[in-house]
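Below is one structure, written out as structure tokens; comments come after it.
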Amino acid sequence: MVPLSYYLVLSGILFACGVTGFLIKRNIITIFMSIELMLNGVNLSFVAFAAQWGKLSGQIFVFFVMVVAAAEAAVGLAIIIAVYRTRETLNVDQVNLLKL
Amino acid sequence: MNGAAQVTPQAVEYIRILPEIVLTIFGIIIMMLDPLMDERRSQRTLGAVGLVGALAAIVATLYQSQYPGVGFWGMVNVDSFSVFFHFLVTAVTAVVILTSYEYMEVQQIRAGEYYGLILFGAVGMCLMSSAVELVLIFIALEISSISTYILAGFRRRAAISSESSVKYFLLGSFATAFFLYGVALMFGATGSTSIAVIGQVLASGQPPVLAYVGIALMFVGLGFKVAAAPFHVWTPDVYEGAPAPIVGFMSTAPKAAVFAVLLRILFEAHAPGRLWLIWVVAALSMTLGNIGALVQDNVKRLLAYSSIAHAGYLLVAFAALPANGIPAAMFYTASYAAMNVGAFAVVSHLASAGERYVTMEDYAGLGRRSPLLAATLTIFLLSLIGIPATGGFFAKFYVFSAALQANLVGLVIIGVLNSAVGAYYYLRVIVVMYMREARQEVPVSPVPLGLGVALAISAVATIYLGVLPGRVLEYATRSAGDLLR
Amino acid sequence: MTPSLHLVLIPILPLIGAAVNGLLGKRFSRQAVATVALAFCGAAFAMALWIALRFSSLPIPLTEYVAPWIRAGSFQADFAFYLDQLSLVMMLVVTGVGFLIHIYAVGYMWEEGGFYRFFSYLNLFMFFMLTLVLANNYLLMFIGWEGVGLASYLLIGFWFTKDAAAAAGKKAFIVNRIGDFGFLIALFLLIKHFGSLNFADVFGTIVENSTQYPVETAGAGLLTAIGLLLMVGAAGKSAQLPLYVWLPDAMEGPTPVSALIHAATMVTAGVYMVARSHVIFDRAPMALTVVAIVGTLTALFAATIGICQTDIKKVLAYSTISQLGYMFLACGVAAYSAGIFHLMTHAFFKGLLFLAAGSVIHAIGGEQDMRKMGGLRDHIPATFWTMTAATFAIAGFPPFAGFFSKDEILWRASQVSLAYWGIGVFTAFLTSFYMFRLWFLTFFGEYRGDQEATQAHGGIHATGSRAGVPAPHGHSGIHESPKIMLIPLAILAILSVMGGWIGAHRFELFLAPVFSSHQTAHLVALTSEQAGQITAMEHLEWVFTAISVAAAALGLYLAWLLYRDRPQLPQRIANALGGFYHAVANKYYVDELYAVLFVKPVVDGSTSILWHGVDQNVIDDTLNDSAEAARDVSDSVRHMQSGNLRSYAGWVALGAAGVIAYMIWMGTR
Amino acid sequence: MLHLTIFLIFGAVCVAGAVNLLVQRHPINSALSLIVVMASLAVEYLLLGAEFVAAVQVIIYAGAIMVLFVFVIMLLNAGEEERTKGSRVAMIFGIPGMLVGSGLVAWVLLERSGTHAVEAGALPGPPKTIAWLLFHEFLLPFEVTSVLVLIAIMGAVVLAGHSDSGGPAKKEG
Amino acid sequence: MNSPTLDSAILTLVTFIPMAGALLLLLFPRRDRDIRIFALVVSVLTFGVSLHLPVYFERARAGFQYEINTPWIPTPNIHYHMGVDGISMWLVVLTTFLTPLCVLISWKSIHERVKEFFILLLIMETALIGVFVSLDLFLFYFFWEATLIPMALLIGIYGHERRVYAAIKFFMFTMIASVFMLAAILWLYAKLGTFDFVAIQTAIRNGQVDGWVGAAPWLFLGFFVAFAVKVPLFPVHTWLPDAHVEAPTAGSVLLAGVLLKMGTYGMLRFNLGLFPDQSRSNAPWIVTLALIGIIYGALVAMVQPNMKKLIAYSSISHLGFVVLGIFSFTQAGLDGAMFVMLAHGVSTGALFMLAGILHERRHTFEITEFGGLATPMPVYATFFSFIVLASVGLPLLNGFVGEFLVLSGAFRAREVYGILGATGVIWSACYLLWMYQRVFFGKVTHDVNRTLPDLDMRERLALWPTAVAALVMGVAPLLWLNAIDPAVQNALAPFAQLASKVVGQ
């Protein structure tokens with residue numbers, strides 16, 4: 001018997017790690033990975049809540065989230081490639097032509 | 001819930017997603033035509049197809065409005081509210097496509113994907129306004145977001161364009177994750193993702209704290225999308241880097257759709273505790289947006305700040321009582337769409353190849369070089385200021401009067417002061433156009449037909465909303481009734 | 001009751017003349033302009049005479065209502081004219097002397113550019129002056145009051161290319177305005193407390209409600225306030241202390257103007273107004289005292305300045321101020337009719353003095369400095385003789401006109417206070433002295449001017465002579481004025497001699513309906529109480545008269561001594577007096593004092609404190625600073641947009657934390 | 001008890017992987033840690049009875065998506081992360097914000113979400129049931145995802161594909 | 001004929017004829033001469049039509065006449081409600097009177113972008129008239145704001161060197177102030193569901209507004225601030241000199257002649273009409289500001305080296321009289337205030353035209369650049385002096401009647417008001433005559449000025465009407481006052497109590 005809140009806290013931790021990653025990582029790809037981490041955290045919540053409510057729809061959501069994540073990954077990585085082509089760097093701190 | 005028992009959707013339910021279907025079909029047609037044509041011819045043909053698609057979607061929307069009701073097992077709900085936003089989104093799409101003709105040629109952008117993405121993006125936006133289920137909303141949101149991420153980076157050879165794209169993409173995904181987490185918590189709190197069910201649960205008794213957190217996180221995600229402070233920081237950068245017609249598109253249509261979602265979540269789902277949250281966010285958005293714009297010299301960036309401010313004005317309506325606030329907000333989205341699309345249409349025309357001419361200085365003497373264009377831009381700017389006889393005026397008017405009916409005097413004071421301060425930077429553009437001589441030779445090509453039509457539509461819409469706002473507002477009021485029922 | 005006298009025509013006729021000349025005169029010949037001006041002015045005079053002839057058969061006082069003017073709520077002021085003995089006298093003086101001066105001016109101004117303009121202004125002046133004296137309410141009077149100021153402004157500045165003339169015109173207008181300020185406030189008080197400005201209404205109310213409006217002996221009350229304020233107005237218009245400064249400068253105008261406006265008519269408007277308001281003054285002894293003191297001091301003060309002036313017109317100007325002081329003294333001792341009497345005789349002899357002076361100036365080509373005149377007696381005999389009559393009149397030698405009126409004033413003043421009388425007599429001595437000084441310097445001795453200046457015919461007579469000049473003059477040395485100028489001189493000389501012969505008592509009798517009908521119980525009581533004393537002092541009057549004549553004779557002697565017998569003496573006296581002499585010669589530095597006290601502080605203060613200080617440094621800078629501050633804030637808000645993605649995420653995270661915290665707080669409340 | 005133990009073990013692995021993702025400087029290491037996280041999450045899903053999800057997690061997420069990541073990392077030859085100091089805001093406001101926010105959420109999750117506990121495999125999610133749901137109640141979202149995927153494809157083509165002129169992209173603006 | 005149809009349509013006609021003219025002008029080819037003539041025809045036509053108002057006006061009736069009231073926008077409940085009383089009617093006529101003169105005076109001085117200029121001018125006229133005839137608060141605000149743009153453009157495009165600064169300053173000052181009014185209007189609408197002036201007034205008088213006690217002071221201020229900036233009242237006046245100096249002549253004429261009156265009209269109609277209690281309690285400091293404005297404006301005017309700036313500051317001073325009169329709450333004060341508005345419109349409008357004529361010849365407003373102009377330009381000098389005298393407040397000219405009534409009203413309300421206000425009479429003589437002296441008298445100091453041409457026919461045509469109006473208004477003010485008086489009486493009805501109290505003191 002695992003209290004549900006454990007799952008939820010775990011998901012929260014993952015989400016928080018993702019946020020932290022976004023804040024501290026410099027490499028665009030790693031930042032993107034942090035986002036994936038956040039999504040994974042959310043997915044865990046969905047599944048946990050699905051278990052709590054006894055509704056399978058929660059699991060369906062996870063499926064959709066994955067699809068979206070996949071699509072995002074494809075697009076996101078393409079964008080990253082495009083950025084790399086024009087800037088020849090993946091450091092976000094240097095991707096700052098647009099400011100003020 | 002008629003869908004629970006049945007196995008396949010009925011025909012009428014397809015009508016309820018007809019505009020989306022139409023848009024998708026035309027998007028696919030474009031994709032298929034693209035490889036069949038050579039580069040030069042495809043530009044116009046594909047644009048024409050896209051335009052037809054958008055117009056067909058408008059027709060479909062009108063047709064659809066005859067068949068209100070729920071479809072696909074409670075996933076979509078066609079009511080006057082959704083029809084309103086469908087119409088808005090498709091109309092904006094059509095205008096943006098018209099605007100893009102010339103831009104594509106000047107900037108040498110590949111047309112197939114461009115128009116396709118616009119149409120597909122419009123699918124997402126349309127769906128957002130009619131979806132009544134959080135997961136569908138999420139997917140629709142992603143469709144519109146991802147397509148705009150891509151469109152923002154369409155000027156691939158320009159470093160700023162891809163930077164804009166990557167910033168938009170990363171921050172957008174970041175915010176989407178928040179939204180999604182909110183959905184999850186909401187699901188956890190209520191056991192459902194259907195807005196109707198959530199609304200029932202939340203309306204009955206004290207909602208659980210989890211629901212509050214869920215709302216908070218969803219608000220963060222959606223607030224980001226509409227560029228409400230403090231989630232607005234991406235806006236200026238992205239707008240500056242993205243292609244001008246696309247900025248016109250993404251500052252209006254997706255925003256309108258997200259506002260529709262926000263309205264549904266806050267009002268239809270009876271989200272608790274919104275008042276002071278919105279109060280602060282609205283005040284902050286107005287103030288930061290206007291103040292930030294004061295010293296901008298890049299017109300695109302200026303309009304980006306202005307869109308932050310306008311998000312703030314719009315949010316004022318959300319703090320008001322639903323019966324007044326919703327119609328006010330809807331009216332605001334409509335008039336904002338009209339004027340902002342128009343303004344960006346002018347900007348994209350003047351930008352010229354490589355978007356070289358986008359600073360204030362480049363607008364100097366425009367009133368002399370191209371009086372009609374300058375006059376049109378002036379109309380949009382005046383509307384953005386909120387001068388009577390333009391849509392922008394009535395939009396602010398309704399919003400503020402709705403807020404006053406809810407006794408939000410402080411917020412209204414902040415709002416009107418902001419709109420006065422905001423006048424300054426719009427006025428600067430007008431001043432530069434009419435009262436300053438050009439220091440350098442900035443070429444202004446004649447306005448092509450497509451752009452002309454687009455400008456005419458936007459201008460007429462802006463003026464129409466400013467002179468005879470009654471019908472639109474009446475419709476919006478009816479929609480609000482539908483939403484709150 | 002007479003259906004209508006068409007009193008309105010009297011002021012209107014000159015107005016028509018002014019309009020005709022003003023609008024069309026540019027295309028008229030000089031003859032035509034002169035004809036128009038004289039015709040309309042003369043017509044007014046004729047009407048005035050006609051009315052005077054019928055006067056005994058008229059129901060006096062007579063009000064003639066013409067048209068409504070201003071109405072606001074219950075307040076109203078109309079175009080309505082009022083005829084009684086007082087206004088009849090004034091009307092006759094104004095139209096009569098005015099007409100004569102018009103005639104004179106035709107000759108005097110013949111060669112000037114802007115001939116039509118001059119006569120248009122002059123007729124305009126007549127219009128306003130007649131409106132002033134015929135008005136039936138204070139507001140209409142105020143029209144005339146301001147209007148004559150305007151005409152004076154225009155005429156002083158007639159030679160507008162001369163900076164001094166333009167400045168003098170402006171000064172006159174503004175100083176008059178300061179006086180008018182007091183007048184206006186008085187009107188407001190009247191409106192507030194009486195609801196009307198009609199003489200009949202106001203005076204009627206006061207007389208009928210003597211309990212409500214008692215004689216304010218105990219302390220200053222409403223009527224005292226009104227009286228004092230009216231006196232401020234009168235002091236402005238009639239050049240009394242401390243507002244006299246404009247009148248000497250006004251001599252920049254053409255001499256007929258000085259004669260008409262700044263001697264005979266306009267400047268006496270203040271006296272007329274005080275006399276007209278006697279109902280108020282009678283009940284405000286304190287105000288009366290102020291009037292008397294101001295009058296006395298002005299008389300003395302101006303006379304002392306007059307001694308040292310070298311400009312012939314300036315002497316006359318200070319003399320005018322001084323004589324006006326006499327009139328105020330008369331009013332101040334409630335001897336209104338004496339004041340009016342002196343007003344009339346003064347109009348004759350002072351008008352004459354100016355015209356004669358003009359003739360002198362005309363004769364020697366525009367020179368006004370007496371030190372450069374002398375010995376003109378033989379060159380211009382007609383002028384000399386008329387001038388002599390006038391000089392004796394003003395000096396107060398019997399049987400000239402000035403004697404009768406001045407004597408009456410001094411006598412009445414002595415009844416109130418011997419101080420008034422003493423100063424009055426001393427002033428009479430001074431008057432006599434400086435007038436004879438002028439007389440000797442101008443007409444006797446050797447001619448001291450240079451011949452060439454007369455050849456060039458003066459700086460101000462800039463425009464050349466034209467065809468149709470009535471008498472050849474201007475280029476052949478000193479010459480007598482043409483007939484058209486001499487005839488008015490002659491008439492006025494006759495009047496200066498005989499004008500006083502009607503006698504002060506008969507004059508007082510004539511005006512009695514005006515001044516005694518409202519005589520207060522207080523004054524009546526006073527007079528009856530002292531009736532015996534007065535008869536006892538009957539013979540005293542003769543003594544007083546003798547003293548004042550002696551004073552005048554002494555003045556004559558002294559003038560002869562200093563300026564005829566021993567011409568080097570004045571300089572020595574001047575040296576002996578040193579600073580005091582300079583102070584007097586420079587008009588006690590009053591103009592400079594005013595400049596330092598008022599003009600400069602106001603101009604400098606307005607420039608540096610108000611305009612640059614408040615407007616630019618405080619208000620505009622505050623606004624610019626706040627705009628600047630807004631830009632600074634804007635700049636810092638911009639810096640939220642550092643361009644760094646992680647910073648953006650930081651803002652989002654912070655915002656999210658805030659939103660979450662708020663919502664949790666909401667949820668757990 | 002076993003249930004809890006497994007949860008704790010894989011939970012710890014999961015968190016460790018997440019933290020490792022943060023501390024690793026080379027993106028490839030981060031990607032590998034992410035795969036660890038995903039895999040251990042798949043176990044947690046199984047514990048919750050979500051068999052289908054667990055499988056998909058491994059196949060799509062850990063498999064397809066992460067492969068894509070690794071591929072791109074390789075393609076771009078991304079090197080070690082430089083520790084540039086680009087953002088004070090993220091440190092001064094972002095991290096505290098994150099801590100406060102997640103602390104609050106954690107508090108809510110622990111204190112306010114009830115004392116539910118779940119058995120292992122509490123809600124079995126067999127593919128058939130899931131499929132039924134997916135093609136009925138969630139038919140529309142499912143179909144709509146096709147548009148999403150289409151967009152993704154187009155986007156990838158447009159952005160990552162060679163530029164129209166064929167040559168290497170020039171820098172502009 | 002005075003038919004009912006015409007009566008209800010006349011205000012619409014007057015308001016929108018210029019607008020229609022502007023639209024037609026849009027279609028005109030760019031032949032400057034034709035455009036000018038057309039603009040003149042339109043404006044003269046408007047003036048002609050507007051004369052219908054005073055001719056058939058029922059003088060004795062206090063309420064609104066020529067009313068038209070049809071729904072415009074159902075939500076919010078906006079009506080196209082227009083009507084004039086004795087107060088607003090004259091301001092309409094003033095506007096239509098000045099516009100043809102503006103056209104005439106701009107005939108030659110505007111030679112670039114002529115079409116746009118006249119379009120803006122005509123739009124401006126419509127907006128100005130609209131402000132005065134609107135009886136629906138919304139409609140009022142609509143026109144109120146609508147005046148802003150054409151004026152800002154007129155200043156900014158056709159102005160002089162620092163035109164951009166002036167245009168922005170003008171716009172921002174008035175814009176920021178008027179949003180407070182918008183907020184107040186919105187509040188009223190939120191509470192009452194109507195914008196109708198009469199309905200709101202009735203509701204307020206019957207005490208049917210909840211939360212009125214707490215809100216009224218703020219609402220009063222909201223309206224007042226907007227009007228005060230427009231007037232402009234003392235501390236917020238600095239936009240005016242800049243705007244005037246930079247504006248083209250026609251802009252200055254309309255600005256001083258009509259635009260400023262929007263502020264005082266608003267105070268009269270709305271501050272007094274809707275908030276009698278608040279007007280009463282706020283009067284002391286408002287009057288203080290007005291008095292400061294009178295004296296301050298005059299003093300600063302006196303030391304201005306720039307002719308137009310001088311006239312601008314004199315406007316501040318004159319408008320101070322208007323505010324003083326309005327907040328004296330006396331019949332005479334308000335009558336006078338109205339009359340000063342009209343008189344100031346005519347005479348200051350004329351002064352600006354005169355300054356503009358000079359500028360056309362010499363391209364400067366600096367007083368030191370002139371001197372002795374009466375010699376080369378006698379006719380001009382005569383007109384100038386006439387108008388200066390009118391402006392100084394010489395009896396029998398238009399300036400006097402109003403100032404006198406205002407001051408007597410103010411004096412009646414409280415002595416010190418009248419006394420301080422009356423000092424303005426002195427000051428106005430000082431600065432105007434001094435300026436006149438420096439410009440026209442003395443010798444010609446600059447050789448360029450020796451050959452300046454005098455007025456031509458067109459300029460005389462533009463100036464004569466103002467001169468005649470100045471004279472007629474001074475001699476026969478009753479023509480105006482007998483319509484103003486009942487309206488003012490009506491406006492003062494709620495103050496009757498106050499008036500009797502003051503008189504009793």
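Below, chain A is the first sequence line, B the second, and so on; all start at residue 1.
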Check your understanding: Who among A:Leu14, A:Val62, A:Leu39 has the most heavy-atom pairs with chain D under 4.5 Å?
Key -> A:Leu14
Which atoms of [X] are under 4.5 Å from chain D, going by heavy atoms: the side chain, the backbone, both sets, or neither?
X       : value
A:Ser11 : neither
A:Phe22 : neither
A:Ile24 : both
A:Ile79 : both
A:Ile60 : side chain
A:Val92 : neither
A:Leu23 : both

With a 4.5 angstrom heavy-atom cut-off, which part of [X] approaches chain A: side chain, backbone, both or neither?
X        : answer
D:Met154 : neither
D:Ala64  : neither
D:Gln57  : both
D:Ile95  : both
D:Val37  : side chain
D:Ile6   : neither
D:Leu34  : side chain
D:Tyr61  : side chain
D:Phe69  : both

Revision key, fill the gap. Looking only at heavy atoms, the pair that brings A:Ala50 and A:Gly58 closest together is CB-CA, 3.7 Å
Say whether, by atom type as modelled, one donor and one acceptor occur between the side chain of [X] and the main chain of [Y] under 3.5 angstrom.
X       : Y       : value
A:Asn40 : A:Glu36 : yes
D:Ser30 : D:Leu21 : yes
D:Arg25 : D:Val23 : no
A:Lys25 : D:Leu22 : yes
A:Thr30 : A:Arg26 : no

Check your understanding: For atom CZ of D:Phe135, is the number of surrounding heavy atoms from other residues, nucleotides or ligands below 6.0 Å larger than 12?
Key -> yes
Practice item. Anything in residues 140-147 of chain D with a heavy-atom distance to chain A below 4.5 Å? Please list those residues in order. Key: D:Pro141, D:Phe142, D:Thr145
Indicate yes or no: at least one non-hydrogen side-chain atom of [X] is less than 4.5 angstrom from one of [Y].
X        : Y       : value
D:Ile73  : A:Met33 : yes
D:Leu47  : D:His3  : yes
D:Glu44  : A:Leu10 : yes
A:Met66  : D:Val53 : yes
D:Leu134 : A:Phe64 : yes

**Study point:** Of D:Tyr45, D:Phe7, D:Phe10, the residue whose pairing with A:Tyr7 passes ring-ring contact (aromatic ring centres under 6.0 Å, His included)
**Key:** D:Phe7
Point to revise | Residue selection (most heavy-atom pairs with chain A, distance under 4.5 Å) from D:Leu76, D:Leu148, D:Leu4 | key: D:Leu76
Point to revise | Stepwise side chain to side chain donor-acceptor pair (under 3.5 Å) check, A:Thr89 with A:Gln94 | key: CA-CA 7 Å; A:Thr89 179; A:Gln94 286 160 9; 3.2 Å; yes
Review point. Should the pair D:Phe138 and A:Phe61 be assigned to parallel (<30°), tilted (30 to 60°) or perpendicular (>60°) ring geometry?
Key: perpendicular
